[in-house]
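Report on one structure; see the data block that follows.
Heavy atoms only: backbone and side chains are in, while hydrogens, waters and symmetry mates are out. Throughout, residue positions are numbered sequentially from 1 according to the sequence presented.
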Amino acid sequence: MGLYINPSNESKEDFLKREGTTAPLGLKWQDIPSDQTAVVLIFNPMFTAAGVCYCEGELKAFTHPSDMRPRIVYLVPTAKVIEVCPEYTEYVEK
């Protein structure tokens, strides 16, 4: 796992609330619209992380039931993810 968003002009939480819509934690790769990207906001003890799910394996890793950290899954327009994480274009499998 290695692609995260960190907007420069706002918090990742504010970005996700503004640009994304929440999705179920059990979201399946095939259910993600082609113009959307799943981003999982993970609540670690000292910080939050917003992992970009660029492939099915990443989605499964970020949402695996054995990971007990609180998480919220967002669907975000891919163009908006690229604005705050331009390197995402190198990972896109869809």
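- Note that the CD atom of Glu58 and the CH2 atom of Trp29 stand 9.0 Å from one another [nearest 0.5 Å].
- Its side chain within the 4.5 Å cluster rule, Phe47 clusters with Met46 among the Ile, Leu, Val, Met, Phe, Trp and Tyr residues.
- Residues that satisfy the side chain to side chain donor-acceptor pair (under 3.5 Å) test with Glu10, not counting sequence neighbours, are Arg18.
- Residues that satisfy the side-chain contact (heavy atoms from CB on, under 4.5 Å) test with Val76, not counting sequence neighbours, are Phe15, Leu16, Glu19, Val39, Tyr74, Lys80, Val81.
- Paired with Leu27 under the rule side-chain contact (heavy atoms from CB on, under 4.5 Å), one option of Thr63, Leu75, Thr22 passes, and it is Leu75.
- For Lys28, the salt bridge (charged side-chain N to carboxylate O under 4.0 Å, His left out) criterion is met by no residue, not counting sequence neighbours.
- The minimum heavy-atom distance linking Val40 with Cys53 is given by the pair CG2-SG, 3.7 Å.
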Verdict with reasoning, Ile72 to Ile42, per side chain to side chain contact (heavy atoms under 4.5 Å, CB included): CA-CA 7 Å; Ile72 302 171; Ile42 304 160; over 6 Å; no
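- Note that CG of Leu59 and OG1 of Thr37 are 11.0 Å apart. Values are rounded to the nearest 0.5 Å.
- By the salt bridge (charged side-chain N to carboxylate O under 4.0 Å, His left out) test, Asp67 is found to be paired with Arg69, residues two or more places apart in sequence or in another chain being considered.
- Side-chain atoms of Val52 and Tyr4, non-hydrogen and from C-beta on, never get closer than 4.5 Å to each other.
- Taking CD of Glu90 as the reference point, atom CG of Leu3 lies at 9.0 Å (rounded to 0.5 Å).
- Residues passing the side-chain contact (heavy atoms from CB on, under 4.5 Å) test with Thr48, sequence neighbours excluded: Lys12, Glu13, Leu41, Phe43.
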